[in-house]
Amino acid sequence: MKVPQIEFPKHKFSISRLVYGIWRLHEDKEGNSPERILKKIETCLSLGIDTFDHADIYGDFENEELFGNALSKNTSIKSKIKIITKCGIQVPGSKFSTKHYNTSKEHIRYSVERSLRKLQVDHLDVVLIHRPDPLMDPYELAEIFETLIREGKVNHFGVSNFTPSQFQMLQAVYKKPLFTNQVEFHPFHTESLFDGTFDQALEHKTHPMIWSPTGGGRIFSPKSEREVATVSKLKEIAKEHGCSVDQVLYSWFLNHPAGLVPILGTNDPERIQSAAECFSYPLTRVEWFSILEAARGKEVA
């Protein structure tokens, strides 16, 4: 079966239930030629994965351009894909020496227009504020969101790594519904289950996007006692289902009623294929809790 779509009802827009992430595009040991990137895009599309997650800073501000150069070799693909990107982080360089966040309207406009140029597309489906900015003015941010949507440059705006209170502060000012809150979540980082992040997503009927779903690859090479115990449990369940550890892990995300959307970070087309098959191996509630218990090192109260 192909990866299904998941609907964002307030936006009348859907994305694939698994998203392909561009974070490590520049680290591909097979290279980052347009042909290699196109192969991964086409692999994703063949599996039903039509949504791609970028950020302006990925690959030292080069990965959007690498992806855009690949699209220019086969422009027909542009109409088949959905692009999400992030902005708001500034890293030290010739103009300043301190890493910082910038959510001013001038910087958001600059970032959006730069992403459009680098990706060689005429609009961005979703733009997320990459990190919560302590100096963020929600009124100014809402204003530039509305302006860029009116200009047809962005269809939807959302956030990334926001706490529930930060999300609510911005949503209280922004007239349109925020699209998503992209957060870190995996068996070794389960805070979002308990700090209100996923509760808020259910309340707002939006689906959290999940970055680093394999814990930065620790599912494949566990080291700590907790990691080893978690992977042991995943292997046990995988054996019962006749599937692989990563398929059990991705299936684990699908159980949550908020409709979590994992972002795949691999450069290996075979791992993309493997992840896409997770929908064939649904987990029981008991299996889900047994993975949580192994990961946290304790049973629920």
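One-based numbering along the sequence shown.
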Apply ring-ring contact (aromatic ring centres under 6.0 Å, His included) to residues Phe179 and Phe157 and explain how you reach the verdict. CA-CA 6 Å; Phe179 187 78; Phe157 279 95; over 10 Å; no
Could you tell me if [Y] and [X] have a donor-acceptor pair between their side chains, going purely by distance under 3.5 Å?
X      : Y      : value
Gln171 : Lys176 : no
His107 : Thr103 : no
Asp268 : Gln273 : no
Ser115 : Glu64  : yes
Gln182 : His130 : no
Asn161 : Trp211 : yes
Asn32  : His26  : no
Lys29  : Asn267 : no
Asp246 : Ser244 : yes
Ser290 : Glu287 : no

Could you state the interatomic distance from CD1 (Ile108) to CG (Leu148), rounded to the nearest 0.5 Å? 8.5 Å
Looking at residues at least two apart in the chain, or sitting in another chain, which of them share a salt bridge (charged side-chain N to carboxylate O under 4.0 Å, His left out) with Asp56?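 Checked Asp56 against salt bridge (charged side-chain N to carboxylate O under 4.0 Å, His left out); matches are Arg114.
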Residues forming a side-chain hydrogen bond (donor to acceptor under 3.5 Å, both in side chains) with Tyr101, sequence neighbours excluded: none
Holding to side-chain hydrogen bond (donor to acceptor under 3.5 Å, both in side chains), I want the full list of residues that pass it with Ser192, two or more places apart in sequence or in another chain.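 Checked Ser192 against side-chain hydrogen bond (donor to acceptor under 3.5 Å, both in side chains); zero matches.
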Crowded around [X] [atom1]? As in, over 12 foreign heavy atoms under 6.0 Å?
X      : atom1 : answer
Glu106 : CD    : yes
Lys10  : NZ    : yes
Tyr139 : OH    : no

Would you call [X]-[Y] a salt bridge at under 4.0 Å N-O?
X      : Y      : result
Lys82  : Asp50  : yes
Arg109 : Glu113 : yes
Asp137 : Lys105 : no
Lys39  : Glu42  : no
Arg36  : Glu30  : no

Is there a side chain to side chain contact (heavy atoms under 4.5 Å, CB included) between Glu7 and Ile15 once you walk through the steps? CA-CA 7 Å; Glu7 183 73 22; Ile15 63 175; over 6 Å; no
With sequence neighbours excluded, give me every ring-ring contact (aromatic ring centres under 6.0 Å, His included) pair touching residues 261-301. Trp252-Trp288
Does anything in residues 65-85 pair up under ring-ring contact (aromatic ring centres under 6.0 Å, His included), and if so which pairs, sequence neighbours excluded? Phe52-Phe67, His54-Phe67
Which one of Thr180, Val127, Val126, Ile22 satisfies the side-chain contact (heavy atoms from CB on, under 4.5 Å) criterion with Ile84?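 It is Val126, the one option of Thr180, Val127, Val126, Ile22 that forms the side-chain contact (heavy atoms from CB on, under 4.5 Å) with Ile84.
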Pi-cation contact, Phe162 with Arg131 (under 6.0 Å, within 45°):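 Checked: cation-pi criterion not met.
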Is there a chain of hydrophobic side chains (I, L, V, M, F, W, Y, each step under 4.5 Å between heavy atoms) that links [X] to [Y]?
X      : Y      : value
Ile49  : Phe13  : no
Leu292 : Leu260 : yes
Val300 : Leu283 : yes

Residues Glu227, Thr230; criterion side chain to side chain donor-acceptor pair (under 3.5 Å); working and verdict: CA-CA 5 Å; Glu227 291 167 4; Thr230 304; over 6 Å; no
Is the shortest heavy-atom distance from the side chain of Ile210 to the side chain of Val261 under 4.5 Å?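 Not touching, per the 4.5 Å side-chain cut-off.
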Is any side-chain heavy atom of Lys298 closer than 4.5 Å to a side-chain heavy atom of Glu293? no
Listed once per pair and sorted, the side-chain hydrogen bond (donor to acceptor under 3.5 Å, both in side chains) pairs that draw on residues 197-210, sequence neighbours left out: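 Every side-chain hydrogen bond (donor to acceptor under 3.5 Å, both in side chains) pair that includes a residue of residues 197-210, provided the two are not neighbours, is Gln168-His204, Asp195-Thr197.
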